[in-house]
There are 2 protein chains.
Amino acid sequence: MTARFTPRLAPRPMDPVMRRLRTLAPLSEDELALLRTMVERRERHAPGEELVAEGYPPRRPRFVVSGWACRQRVMPDGRRQIFGFLLPGDGLGLGERPGPPALAGIVALTAVETVDAEPVMEAVAAGRAPGLKQAIEQAARLEHALLLDHVVRLGRQTAYERVAHFLLELQHRLEIAGFGDAQRFPLPLTQEILADVLGLSIVHVNRTLQQLRRERLIELRSGVAILLQPDMLSSISDYRRPALALRKSAS
Amino acid sequence: MTARFTPRLAPRPMDPVMRRLRTLAPLSEDELALLRTMVERRERHAPGEELVAEGYPPRRPRFVVSGWACRQRVMPDGRRQIFGFLLPGDGLGLGERPGPPALAGIVALTAVETVDAEPVMEAVAAGRAPGLKQAIEQAARLEHALLLDHVVRLGRQTAYERVAHFLLELQHRLEIAGFGDAQRFPLPLTQEILADVLGLSIVHVNRTLQQLRRERLIELRSGVAILLQPDMLSSISDYRRPALALRKSAS
DNA sequence: CGGGGGTTTGACGAACGTCAATCGGGGTGG
DNA sequence: CCACCCCGATTGACGTTCGTCAAACCCCCG
């Protein structure tokens, strides 16, 4: 919305994708060039729009280039559980090729832009993009690691620990995608959404956030989170970066 | 321990594996024969033994042929979260081939017997076992579905609902593997283990089980669970069989 | 006859949810 | 430019679920 006369100053749309994939595996110049071309087939999604409906075969594979989405399931009585977030740079539907019915819905939480990832998947399938192949495998592995962390949070951590742990996870992922720094990052979520990720009520999320603020561990202002004492938060919540979990897999 | 003079009456060790894989994909006679040969390289694990240590590259791929194990993580202060169970017929380490560090430990809960699954993985890799390839893909998919169910249980269900939901899941999985029937199945778990799966305290698991018994929904006696009113349990816990989640994937 | 692991029970407290009211800020139509 | 409005954040009061501590119990085995 500010880039009308400054296209060069606007962050290039594929940057988050490239940044993220490069942390997962080394990419060749050709592979980076391929990623840059994908900026073409872009698609816009309004907040609340369902990118993938639970129980239906997913759309073609895509990358999120801006905005936030989530994987979720809604119970018949309206209770909702969010499994995790899709941030800029993340892929969706990259796993299974033709696509069996989705196990969870994917919903845009903010305005979201995605690009078609089909060219990448073709190049990978044709053996023309070994770096991308490895990066996508690593991404799948990382997603699984995040899901396991989530289970521990929900099953064995208090509200206080859950919030701290979750904020650290977001900070880490967003920094990789090129948003924010070691302490500060965008957080465009309502407390209702936080509640549905963390398995808490809205009111209790609110109170827990207040406690963290009162103790000068975090600050929250208009969509921006600041971790005032990241290491304190880590020790409170037993947070560890998933980086160590990565390793070369099959060549 | 009873089969000393009646080897033919003892259940054949590979039965659970074959039963389960056949519900995931049609298998050829050759594939079934291959599975039967694996009965050779069997391995025994005592209760408490760590089949895979968290953070270390996993052993070679295996199938569980008898006994129960679990995937788990232990926090530094001793809190434990169990991610799910490995029942007879289930595989472990079938996904990634050389094997990056395991994201969770795998521990035997009872005496466990496993067989080496390497021959199967070789046949699959060589393109000689399309049915097994598909079955193993489906197994991975099913494991993911179970993990998502688990997240919903922990994040959005009450203790009462969690226990009901979990018992139904076990009944279903065990019946597929050839144990128990539509109402009755072996349950060789202490309440401490149940607590660590369900994200509850031992005491509260106990009270919840009592409530279910008092209401004549279940019975528990010496390692056997009986679901007296399975459909009541389903409606209480919003349980749905994951069967529908399955579909043909890439050919 | 003891022991030991697992189960059950009671009493109590802390964590978390629910209900309902209020507050606050940004957007929008006049 | 301003008043209004609406969604989300905040707060208080209260109830429930669930955890903790500690003791008793039970059963199988040695």
Side-chain angles (χ1 to χ4, degrees), chain A residues 1 46-48 68 75 77-82 109-111 153-167 186-215 218-225 236-237, chain B residues 1 46-48 68 75 77-82 108-111 153-166 186-215 218-225 236-237:
Chain A
M1 46 189 68
W68 291 34
M75 299 178 64
D77 64 2
R79 279 178 288 182
R80 167 168 80 158
Q81 179 63 49
I82 292 177
L109 297 173
T110 68
R153 262 196 308 246
L154 294 173
R156 281 301 181 222
Q157 293 198 293
T158 66
Y160 189 67
E161 295 168 327
R162 286 183 216 181
V163 172
H165 192 278
F166 182 68
L167 290 176
L187 186 68
L189 302 178
T190 65
Q191 296 184 357
E192 179 177 12
I193 292 173
L194 283 175
D196 286 342
V197 195
L198 297 175
L200 300 167
S201 68
I202 301 180
V203 173
H204 201 64
V205 165
N206 184 293
R207 295 200 162 108
T208 307
L209 288 173
Q210 311 245 4
Q211 186 184 351
L212 288 165
R213 279 191 284 221
R214 208 179 320 121
E215 295 169 345
I218 68 170
E219 268 183 35
L220 289 182
R221 294 186 338 251
S222 62
V224 174
I236 285 170
S237 63
Chain B
M1 53 186 65
W68 292 33
M75 298 176 64
D77 63 2
R79 282 179 286 184
R80 166 168 81 161
Q81 179 62 50
I82 293 177
L109 297 173
T110 68
R153 261 195 312 245
L154 294 173
R156 281 301 182 224
Q157 294 198 293
T158 65
Y160 189 68
E161 294 168 328
R162 286 182 216 182
V163 172
H165 193 278
F166 181 69
L187 186 69
L189 302 179
T190 65
Q191 296 184 357
E192 178 177 13
I193 292 171
L194 284 175
D196 285 342
V197 194
L198 298 174
L200 301 167
S201 67
I202 302 179
V203 173
H204 204 252
V205 164
N206 183 291
R207 296 199 160 110
T208 306
L209 288 172
Q210 312 245 4
Q211 185 183 350
L212 287 166
R213 280 191 283 221
R214 208 177 321 122
E215 295 167 346
I218 68 171
E219 267 182 34
L220 290 183
R221 293 184 340 252
S222 62
V224 175
I236 286 170
S237 63

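No experiment lies behind these values; they were computed from the predicted model shown. Chain letters run A, B, ... following the sequence lines, proteins first, then strands; residues in each count from 1.
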Closest contact, heavy atoms only, [X] versus [Y]:
X         : Y         : value
Glu161(A) : Ile236(A) : CG-O, 3.7 Å
Ala225(B) : Leu220(B) : CB-CD2, 3.5 Å
Trp68(A)  : Thr110(A) : N-OG1, 2.9 Å
Pro47(A)  : Ala111(A) : CG-N, 3.6 Å
Gln157(A) : Arg79(B)  : CA-NH1, 4.0 Å

Look for any protein N or O under 3.5 Å of an N or O in nucleotides 5-15 of chain D and output each such pair with its distance, or none.
unit_1: dA9(D); atom_1: OP1; unit_2: Gln191(A); atom_2: N; d: 3.3
unit_1: dA9(D); atom_1: OP2; unit_2: Gln191(A); atom_2: N; d: 3.0
unit_1: dT10(D); atom_1: OP1; unit_2: Arg213(A); atom_2: NH2; d: 3.2
unit_1: dT10(D); atom_1: OP2; unit_2: Gln191(A); atom_2: NE2; d: 2.7
unit_1: dT10(D); atom_1: OP2; unit_2: Asn206(A); atom_2: ND2; d: 2.9
unit_1: dT10(D); atom_1: OP2; unit_2: Arg213(A); atom_2: NH2; d: 3.3
unit_1: dT10(D); atom_1: O5'; unit_2: Asn206(A); atom_2: ND2; d: 3.4
unit_1: dT10(D); atom_1: O5'; unit_2: Gln210(A); atom_2: NE2; d: 3.4
unit_1: dT11(D); atom_1: OP2; unit_2: Gln210(A); atom_2: OE1; d: 2.7
unit_1: dT11(D); atom_1: OP2; unit_2: Gln210(A); atom_2: NE2; d: 2.7
unit_1: dG12(D); atom_1: N7; unit_2: Arg207(A); atom_2: NH2; d: 2.5
unit_1: dG12(D); atom_1: O6; unit_2: Arg207(A); atom_2: NH2; d: 3.4

**Item:** Contiguous pairing runs of three or more, Watson-Crick or G-U under 3.5 Å, that involve DNA chain C
**Value:**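 Ordered by first number, the stems with DNA chain C (at least 3 consecutive pairs each) read C:1-30 with D:1-30.
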**Arg156(A) (side chain) donor-acceptor with Gln81(B) (main chain) under 3.5 angstrom** =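 A pair under 3.5 Å: no.
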Measure the spacing between [atom1] of [X] and [atom2] of [Y] and express it to the nearest 0.5 Å.
X         : Y         : atom1 : atom2 : answer
Asn206(B) : Leu200(B) : CG    : CG    : 12.0 Å
Ile193(A) : Leu109(A) : CD1   : CG    : 4.5 Å
Leu198(A) : Phe166(A) : CG    : CZ    : 6.0 Å
Leu167(A) : Leu209(A) : CG    : CG    : 7.0 Å
Leu194(B) : Arg162(B) : CG    : CZ    : 13.0 Å
Leu212(A) : Glu219(A) : CG    : CD    : 12.5 Å

Heteroatom pairs (N/O) under 3.5 angstrom, protein to nucleotides 26-30 of chain D:
none

**Asked** Which nucleotide span of DNA chain C, 5' end to 3' end, has atoms closer than 4.0 Å to non-hydrogen atoms of chain A?
**Response**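 Terminal contacting nucleotides, 5' to 3': dC16(C) to dC19(C).
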**Prompt:** Gln211(B) versus Glu215(B): any side-chain heavy-atom pair under 4.5 Å?
**Reply:**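 SC-SC contact between Gln211(B) and Glu215(B) confirmed.
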**Heavy-atom check, side chain of Arg153(B) versus side chain of Leu154(A), under 4.5 Å** =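 A side-chain contact under 4.5 Å is absent here.
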**Asked** Where along residues 157-166 of chain B does a heavy atom fall under 4.0 Å from DNA chain D?
**Response**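 Nucleic-acid contacts, sorted: Thr158(B), Ala159(B).
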**Request:** Using the closest heavy atom to pick a nucleotide of DNA chain C for each, name whichever of Gly199(A) or Ser222(A) lands nearer the 5' end.
**Result:**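 Between the two, 5'-proximity favours Gly199(A).
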**Item:** Residues forming a side chain to side chain contact (heavy atoms under 4.5 Å, CB included) with Ser201(A), sequence neighbours excluded
**Value:**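 In terms of side chain to side chain contact (heavy atoms under 4.5 Å, CB included), with neighbours along the sequence ignored, Ser201(A) is linked to Val203(A), His204(A).
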**Item:** Atom pair distance, as rounded to whole Å: CZ in Arg79(B) and P in dG19(D)
**Value:**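 Distance, rounded to whole Å: 12 Å.
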